[in-house]
Novice: 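Structure provided below as structure tokens; questions to follow.
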Amino acid sequence: LDLRAPGPPFTAFGRVRPPHGPGSLCSQWTNRPGMPILPVLGDPTPPTLSQITPPPSVTRDPTPSYTFSSTDAGTLTLSGGCTTATTSVSQGNTTLTLSPLTPAPYPSRTLRVTDSSSNQSSPLSIPSFTVTYPSDLNLDRSVNVLDFSLMKTYYGTTNSQGDVNFDGSVNVLDFGILKAEYGQSV
């Protein structure tokens, strides 16, 4: 790698040394022929983030996921009131599982990644979403007679749409939860 900075008084010549790994820059440069060689370490480029899969706008899942991509590995910082067990990010796609959330609307929040050279990415916005009650089968943000009607349709099946307690089958236990949540809304 030839790092030439044109113009006086410096011309830089450098090479990358493989042991430092991808994304790191380790070069040597001189300011004039015959002068001492000084090491230059670091990566001045912050990670670039992009959204891959946002959380659904309305979900019954109290632990929604969010997938994003980063050009560099690093440490995650999440703001806006949600948490995740994930604190480190790999280069490429990372899926965050947000901590268990109660039924409520959740406003937009941001995340950043700081790489090993302490470069911080620009913020990436996680769009707002709503966690509704597990028995809100039609996702209208209210547990009502329409959900009872859907439950009746799914009763006796393994359809996940009607499985309120997420045990793999739609049965009397699901009806009990729906009855307890009846009238709740977000």
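Side-chain atoms are counted along with the backbone in the values below, which use heavy atoms only and exclude waters and symmetry mates.
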Novice: Would you confirm whether Q184, through its side chain, and V143, through its main-chain N or O, come within 3.5 Å as a donor-acceptor pair?
Specialist: no

Novice: Are V170 and T158 side-chain neighbours, meaning at least one heavy-atom pair lies under 4.5 Å?
Specialist: no

Novice: How close do D72 and T45 get, counting heavy atoms only, and between which atoms?
Specialist: OD2-O, 3.9 Å

Novice: Which heavy atom in V186 sits nearest to a heavy atom in P105, and how many Å separate them?
Specialist: CG1-CD, 3.5 Å

Novice: Would T84 and L76 count as a side-chain contact (heavy atoms from CB on, under 4.5 Å) if you check the C-alpha gap in whole Å, the side-chain angles of each, and the deciding distance to 0.1 Å?
Specialist: CA-CA 10 Å; T84 181; L76 175 73; 3.8 Å; yes

Novice: Evaluate the side-chain contact (heavy atoms from CB on, under 4.5 Å) criterion for residues Y106 and L101: first the C-alpha distance (whole Å), next the side-chain angles of each, then the deciding distance (0.1 Å), finally the verdict.
Specialist: CA-CA 9 Å; Y106 290 87; L101 303 169; 3.4 Å; yes

Novice: Determine whether the side chains of S169 and N171 contain a donor N or O and an acceptor N or O closer than 3.5 Å.
Specialist: yes

Novice: Run the side-chain hydrogen bond (donor to acceptor under 3.5 Å, both in side chains) test on S142 and S185 for me, step by step, so that the C-alpha distance in whole Å, both residues' side-chain angles and the decisive distance to 0.1 Å come before the verdict.
Specialist: CA-CA 4 Å; S142 178; S185 63; 5.0 Å; no

Novice: Measure the spacing between OG of S65 and CD1 of I52 and express it to the nearest 0.5 Å.
Specialist: 14.0 Å

Novice: Measure the shortest side-chain to side-chain distance between Y66 and L124 over non-hydrogen atoms and say whether it is less than 4.5 angstrom.
Specialist: yes

Novice: Between Q161 and R60, what is the shortest heavy-atom contact and its length?
Specialist: O-NH2, 3.4 Å

Novice: Are L98 and Y133 grouped together when hydrophobic residues (ILVMFWY) are joined by side-chain heavy atoms under 4.5 angstrom apart?
Specialist: no

Novice: Taking it one step at a time, do T114 and N119 satisfy side-chain contact (heavy atoms from CB on, under 4.5 Å)?
Specialist: CA-CA 5 Å; T114 304; N119 300 310; over 6 Å; no

Novice: Using modelled atom types and a 3.5 Å cut-off, is there a donor and acceptor pairing between side-chain atoms of T71 and backbone atoms of T48?
Specialist: yes

Novice: Would you say the side chain of P103 lies within less than 4.5 Å of the side chain of R141, judging by non-hydrogen atoms?
Specialist: no

Novice: Which heavy atom of L137 sits nearest a heavy atom of G162, and at what distance?
Specialist: CD2-CA, 4.0 Å

Novice: T110 side chain to S125 main-chain N or O, any donor-acceptor pair under 3.5 Å?
Specialist: no

Novice: Which value, rounded to the nearest 0.5 Å, describes the distance between T130 atom OG1 and D136 atom CG?
Specialist: 10.5 Å

Novice: Indicate yes or no: at least one non-hydrogen side-chain atom of L96 is less than 4.5 angstrom from one of L111.
Specialist: yes

Novice: For side-chain contact (heavy atoms from CB on, under 4.5 Å), just list the numbers for N93 and F68, CA-CA rounded to whole Å, side-chain angles, deciding distance to a tenth of an Å, and then say yes or no.
Specialist: CA-CA 6 Å; N93 291 355; F68 70 98; over 6 Å; no

Novice: R109 and S79: which non-hydrogen atoms are nearest, and at how many Å?
Specialist: CB-O, 2.8 Å

Novice: When you group the ILVMFWY residues by side-chain heavy-atom contacts below 4.5 Å and let the links chain together, are F175 and V145 in the same group?
Specialist: yes

Novice: Taking S108 for the side chain and I126 for the main chain, is one N or O donor matched with an acceptor at less than 3.5 Å?
Specialist: yes

Novice: Hey, can you pull the donor-acceptor pairs under 3.5 Å for the side chains in residues 148-157, sequence neighbours left out?
Specialist:
residue: T153; atom: OG1; partner: S149; partner atom: O; Å: 3.2
residue: T157; atom: OG1; partner: Y154; partner atom: O; Å: 2.6
residue: T157; atom: OG1; partner: N159; partner atom: N; Å: 3.2

Novice: Using side-chain heavy atoms (C-beta onward) and a distance below 4.5 Å, is D167 in contact with L173?
Specialist: yes

Novice: Within a strict 4.5 Å, meaning less than it, do heavy atoms of the T83 and L78 side chains meet?
Specialist: no

Novice: Quick one: does any side-chain atom of T59 pair with a main-chain N or O of D61 as donor and acceptor, under 3.5 Å?
Specialist: yes

Novice: Under a 3.5 Å distance rule, please check whether N138 uses its side chain to pair with a backbone N or O of D147 as donor and acceptor.
Specialist: no

Novice: Taking all heavy atoms of V164 and all of D174, pick out the closest pair and write down the distance.
Specialist: N-OD1, 2.9 Å

Novice: Out of curiosity, Q120 CD to D115 CG, how far, rounded to the nearest 0.5 Å?
Specialist: 10.0 Å

